[in-house]
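Just the heavy atoms: all of them, side chains too, but no hydrogens, waters or symmetry mates, feed the values below. Note that ligands are numbered from 1 as they come in the structure, with each ligand's atoms numbered from 1 the same way. Because the structure is predicted, anything quoted here is derived from the model rather than measured.
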Amino acid sequence: MKKLEGKVAIVTGAARGIGAAIAKELASSGADVAICDLKAEWCDETVKALEALGVKSRGYGVNVAVSADVDACVKAVIADFGKIDILVNNAGITKDGLLVKMSDEAWDAVLDVNLKGTFLFTRAVAMPMMKNKAADGTQLGGSIINIASVVGIMGNAGQANYTASKGGVIALTKTTAKELGKRNVRCNAVAPGFIQSKMTDVLPDDVKKAYMDTIPLRRFGTVDDIAKAVCWLAGDDSAYVTGQVISVNGGMIG
Ligand code: NAI
């Protein structure tokens with residue numbers, strides 16, 4: 001039996017990039033996966049890839065920053081899949097700029113998606129996860145994994161909004177773990193370093209080289225490096241791990 005067989009997962013921002021890789025990794029371990037992104041049709045490719053792995057999957061159009069969207073999405077997932085065991089808060093955006101020139105709009109947009117979105121989905125799944133019980137009454141709970149960032153720990157010039165949002169995600173992770181632990185709902189964060197993806201492809205070569213010089217493993221991370229860490233946190237191999245930040249950054253910072 002695969003490690004996540006019988007489990008139901010939600011992955012936000014899973015139409016592409018790190019989210020799509022996480023969804024595939026969870027499915028490879030046997031989980032059924034609800035794919036969430038801004039438009040349901042953007043999820044089609046990921047859904048097809050998961051179905052080819054033999055699990056149930058379905059796409060949902062949801063803006064993670066909008067409370068009513070998130071509540072409706074969680075309701076629909078429970079109607080379609082019966083329960084929720086795993087939530088991966090992965091949807092995220094950047095709107096970079098120096099602090100002194102940063103507009104209110106750039107600040108609000110990034111905080112709304114990255115931090116408020118993580119809060120809204122966590123709040124929406126908390127009760128359903130706390131109600132997950134085995135036939136003998138054992139509290140099954142669930143696992144919430146928040147995608148933070150190395151820069152949410154160390155800061156980064158030009159990313160006041162993004163670093164603040166990811167630092168907030170880390171604090172929210174620790175509070176969630178403290179509040180929900182008694183019902184066996186765990187909450188951890190994965191803090192990726194520099195990962196090759198659409199988000200980082202746009203950076204100039206000199207910036208990429210400067211990052212590379214700070215990475216002891218001398219390579220950028222792959223989406224699969226992140227997906228494997230998330231998959232470990234999702235399942236029972238990490239049953240006694242909660243409130244932690246797992247850095248997956250090639251040794252960039254300790
Ligand atoms: P990406 O830009 O390739 O994918 C993000 C996905 O989120 C997209 O499919 C997008 O449509 C979706 N999304 C954006 N706003 C949304 C909203 N309001 N509601 C629903 N979905 C929304 O980004 P990537 O690189 O895959 O990043 C995924 C996560 O990993 C993000 O939280 C990011 O901050 C984090 N991260 C990425 C790093 C990297 O090097 N790429 C490094 C550290 C963290």
Interfacing atoms of ligand 1 (cut-off 4.0 Å, heavy-atom, S149): 43 (C), 44 (C)
Under 3.5 Å donor-acceptor, K166 side chain and I147 backbone: yes
Enumerated ligand 1 atoms positioned under 4.0 Å from heavy atoms of I147: 29 (C), 30 (O), 35 (C)
Flag side-chain contact, heavy atom, 4.5 Å: I246 against L233: yes
Note, P192 side chain near N249 side chain (heavy atom, < 4.5 Å): no
Atom 14 (C) of ligand 1 [closest protein heavy-atom partner, distance rounded to 0.1 Å]: I93 CG2, 3.7 Å
Residue N63 vicinity, atoms of ligand 1 by number, heavy atom under 4.0 Å: 17 (C), 18 (N), 19 (N)
Element-labelled atoms of ligand 1 that are located less than 4.0 Å from some non-hydrogen atom of T200: 39 (C), 40 (O), 41 (N)
Min N/O separation V64 to ligand 1 under 3.5 Å: yes
Under 3.5 Å: N/O of N90 near N/O of ligand 1: yes
Side-chain donor-acceptor contact under 3.5 Å, N89 with N146: yes
Minimum side-chain heavy-atom gap F194-K208 below 4.5 Å: yes
Polar proximity ligand 1 side, F194 side, N/O cut 3.5 Å exclusive: no
Check ion pair D205-K209 (N to O, under 4.0 angstrom): no
N/O separation below 3.5 Å, S197 to ligand 1: yes
Residue and atom name of the nearest protein heavy atom (relative to atom 6 (C) of ligand 1), distance in Å to one decimal: G13 O, 3.5 Å
Student check: side-chain heavy atoms of P128 and N132 closer than 4.5 Å: no
Salt-bridge criterion met for D32 and K7 (N-O under 4.0 Å): no
Ligand 1 atoms in contact with G17 (distance to a heavy atom under 4.0 Å): 26 (O)
Structural part of V113 in contact with ligand 1, heavy atom criterion under 4.0 angstrom: side chain
Check: T214 side chain, Y211 main-chain N or O, donor-acceptor pair, under 3.5 Å: yes
Close side-chain approach of M129 to L87, heavy-atom, < 4.5 Å: yes
Qualifying residue for side chain to side chain contact (heavy atoms under 4.5 Å, CB included) with I144, from T122, I86, T118: T122
Polar side chain donor-acceptor pair, Y60 to D37, under 3.5 angstrom: no
Nearest neighbour in protein (non-hydrogen) for atom 10 (C) of ligand 1: D37 OD1, 3.4 Å
Proximity flag T12 to ligand 1, non-hydrogen atoms under 4.0 Å: no
Sub-4.0 Å heavy-atom approach of F220 to ligand 1: no
Contact partition for A148 relative to ligand 1, non-hydrogen atoms under 4.0 Å: backbone
Identity and separation of the nearest protein heavy atom to atom 23 (O) of ligand 1: M199 CE, 3.9 Å
Shortest heavy-atom approach to atom 1 (P) of ligand 1 - which of R16, K198, K166: R16
Polar contact flag for I195 and ligand 1 (N/O pairs, less than 3.5 Å): yes
Over 12 non-hydrogen atoms of neighbours within 6.0 angstrom of CE in M212: yes
Nearest neighbour in protein (non-hydrogen) for atom 16 (C) of ligand 1: L38 CG, 3.7 Å
Per-atom contacts of ligand 1 with Y162, taking only distances under 4.0 Å to non-hydrogen atoms: 33 (C), 34 (O), 35 (C), 36 (N), 43 (C), 44 (C)
Residue pair I18 / I195, side-chain heavy-atom distance below 4.5 Å: yes
Sub-4.0 Å atoms of ligand 1 with respect to non-hydrogen atoms of V62: 19 (N), 20 (C)
For atom 26 (O) of ligand 1, closest protein heavy-atom neighbour: I18 N, 2.8 Å
Winner among A65, G92, G193, A91 once heavy atoms are compared against atom 42 (C) of ligand 1: G193
